[in-house]
Protein chains: 2
Amino acid sequence: MSSALPKAPRRGLADEAADLVRAAILSGHFPPGAALREVELAAHLDVSRGSVREGLAQLEREGLVRGGWHRGTTVIDVTAQDVEEVYTLRAALDRLATTTARRTATPEQLSRLDQLVADMAAEIAGTADTRRLVALDIAFHDQIYTAAGNGRLTTAWRAIRSQLHLFQLRRADAGYDHYRARVVDEHRELAALLRSGDRRTLARLAEEHVDSARRSLLAGLPD
Amino acid sequence: MSSALPKAPRRGLADEAADLVRAAILSGHFPPGAALREVELAAHLDVSRGSVREGLAQLEREGLVRGGWHRGTTVIDVTAQDVEEVYTLRAALDRLATTTARRTATPEQLSRLDQLVADMAAEIAGTADTRRLVALDIAFHDQIYTAAGNGRLTTAWRAIRSQLHLFQLRRADAGYDHYRARVVDEHRELAALLRSGDRRTLARLAEEHVDSARRSLLAGLPD
DNA sequence: TGATGTTCTAATGTTGACATTGAGACATCG
DNA sequence: CGATGTCTCAATGTCAACATTAGAACATCA
């Protein structure tokens, strides 16, 4: 159905622990600034501290948590500078990803982008579940990075992806009208230009897409 | 002398193990494709397997080694695609780093760039130790990323820095004339434009600087 | 009283032992 | 003889006990 047996890679407990903790952070169970104690998590997840430790190291690579020598691990908090840094870097990465994908994307991959835009539109027209809308937004960009086919670029994207997810969800708590009003159109335009746009126009749009998101987010933040 | 006690952070054994293994890889002790066995390293470094394991995970973040479920860790190979990926991403990162540093760099940081260029020139005129020349090249770009002051951007740079180091050293074994002929001038021009260039010219030069390196490296590689 | 030194403790850092697995050697069958 | 199944073992994955440390509570002294 979904895909022709790409692989069914058995992963370790560390990966699963990382997935669980990441989900808990994104769901709000661990708010920004919360301390993540290894013993506590190990007991709750029913794995050893070593595995939890390895999983937390993974989340640190993703920038979702911060840790220090003998000082434990805590969820990052969302300062204006953090937002500035992540969105600035993301603009540069997206610029490269979109211009690359413009050359390398297969028809199937482009169709998948259209499908995701359609899903967004349906979500807006329907229940408008903000969490799902944000997930679709990120999935859209995941697909672009996949289509670009540059492993290192995808790794760099993964290193800010979770932070981005956290930022967008955080904003969801405080009014999301502007986002909802533009998210479908902006992504539809991106998908269209990936098919038929010239490189420079696409590069500019990709940067503006991110810049608009950054300004919109910062406007509601300076707390 | 050096700096006014910024900090003397005690690090863990894992970090030291990572440093040692990284140095061993870059020195050629572990050639591309070599297997890094945890027990072996643990015995040789006189630390536990756990610490070695954590250190190897760190090197994996840097892209210097690859690992899989129950399949051990090996030094990455240097294929044409690897070079293509790393240099393409680096061009995008450097573009952002230089244009940002143009706004944020302090006079002291700019002076340090000049100093590094002078060191390169001295090295060329003198013994022309290739390893040291490559180290200066990378230190130059380290300084630019530091001056840009974007933590996430610096993290993304670190994720390809060691690979880049490995690539450049690998090429050093097979003729380095073109590199030696241009490295000083190119970096001097970059330093100059960081002081007085306009944004667009600087962005273009930063990309060309990397693109030139990539082509030069790929030319001598397809083995 | 405020600054400095000390003690205590909860949490992380580190380790060696045990469990599991992947890949090749070997045997078996068509 | 080639393909397939089984076995073996070295290497990794996991775990629980022990060692170390950062920070806070407390005591001490000018």
Side-chain angles (χ1 to χ4, degrees), chain A residues 5-25 29-77, chain B residues 5-25 29-77:
Chain A
L5 303 181
K7 53 191 168 189
R10 259 204 263 175
R11 308 174 321 156
L13 292 183
D15 283 338
E16 298 190 18
D19 287 346
L20 260 10
V21 175
R22 186 190 307 109
I25 292 176
H29 188 287
F30 294 117
L36 301 174
R37 274 173 289 274
E38 296 180 357
V39 282
E40 200 173 286
L41 292 174
H44 192 274
L45 300 178
D46 196 39
V47 297
S48 83
R49 257 188 63 215
S51 300
V52 169
R53 189 181 176 76
E54 210 172 315
L56 287 178
Q58 228 176 97
L59 296 184
E60 200 173 348
R61 289 174 226 174
E62 300 177 13
L64 251 193
V65 303
R66 286 186 189 287
W69 169 266
H70 262 293
R71 236 176 308 175
T73 306
T74 58
V75 181
I76 61 166
D77 42 27
Chain B
L5 304 182
K7 52 191 168 188
R10 260 206 262 176
R11 307 173 320 156
L13 292 184
D15 283 338
E16 298 191 17
D19 287 347
L20 259 12
V21 175
R22 186 190 305 110
I25 293 175
H29 188 286
F30 293 117
L36 302 173
R37 275 172 289 273
E38 295 179 358
V39 282
E40 201 173 285
L41 292 174
H44 191 277
L45 301 178
D46 195 40
V47 296
S48 83
R49 256 188 64 217
S51 300
V52 169
R53 188 183 177 76
E54 210 172 316
L56 288 179
Q58 227 175 96
L59 295 183
E60 202 173 347
R61 291 175 224 174
E62 300 177 14
L64 251 193
V65 303
R66 285 187 190 289
W69 169 265
H70 261 292
R71 236 177 312 178
T73 306
T74 58
V75 180
I76 61 165
D77 272 314

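Here the structure is a predicted model, which is why all the values come from computation and not from measurement. Naming: A, B, ... by sequence-line order, numbering from 1 per chain. Side-chain atoms are counted along with the backbone in the values below, which use heavy atoms only and exclude waters and symmetry mates.
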Distance in angstrom units between [X] [atom1] and [N] [atom2], rounded:
| X | N | atom1 | atom2 | value |
| --- | --- | --- | --- | --- |
| B/Glu54 | C/dT15 | CD | C1' | 13 Å |
| A/Leu41 | C/dT12 | CG | C1' | 13 Å |
| B/Arg37 | C/dG22 | CZ | P | 18 Å |
| B/Leu13 | C/dG16 | CG | C1' | 15 Å |
| B/Arg53 | C/dG16 | CZ | P | 16 Å |
| B/Glu38 | D/dT14 | CD | C1' | 12 Å |
| A/Leu56 | C/dG13 | CG | P | 10 Å |

Are the side chains of [Y] and [X] in contact, using a 4.5 Å heavy-atom criterion?
| X | Y | value |
| --- | --- | --- |
| A/Ile25 | A/Leu36 | yes |
| B/Val47 | B/Glu16 | no |
| B/Leu41 | B/Leu56 | yes |
| B/Leu64 | B/Phe30 | no |

Open item on the list: Please pick, from D/dC15, C/dT14, D/dG13, the nucleotide with the shortest atom-to-atom distance to any side-chain atom of B/Ser51.
Closed with: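 It is C/dT14.
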
- [ ] Go through C/dT12, C/dA17, C/dT15 for me and flag the one nearest to the A/Arg49 side chain.
- [x]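 Out of C/dT12, C/dA17, C/dT15, the nucleotide with an atom closest to A/Arg49's side chain is C/dT12.
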
TODO: Give the minimum heavy-atom separation between A/Thr74 and A/Ala35, together with the two atoms involved.
DONE: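 Taking every non-hydrogen atom into account, CG2-CA, 3.9 Å.
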
Task: Heavy-atom closest pair, residues A/Ala18 and A/Leu59 - done: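 Taking A/Ala18 first and A/Leu59 second, the nearest heavy atoms are O-CD2, 3.8 Å.
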
Task: Touch class at under 4.0 angstrom, heavy-atom based, for A/Gly12 against every strand present - done: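 Sugar-phosphate, no base atom in range.
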
Open item on the list: Looking at C/dT14, I'd like to know if its phosphate oxygens (OP1 or OP2) sit under 4.0 Å from a side-chain N or O belonging to B/Ser48.
Closed with: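 No, outside the criterion.
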
TODO: Check DNA chain D against residues 63-71 of chain A and give the residues with a non-hydrogen atom under 4.0 Å, in numerical order.
DONE: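 When residues 63-71 of chain A is checked for heavy atoms under 4.0 Å from DNA chain D, the hits, listed by number, are A/Trp69, A/His70, A/Arg71.
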
Task: Most 5' of A/Asp46 and B/Gly72 on DNA chain D, judged by nearest nucleotide - done: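 In this pair, the answer is B/Gly72.
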
Task: Results of salt bridge (charged side-chain N to carboxylate O under 4.0 Å, His left out) for B/Arg71 - residues two or more places apart only - done: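 If we apply the salt bridge (charged side-chain N to carboxylate O under 4.0 Å, His left out) test to B/Arg71, skipping adjacent residues, there are no hits.
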
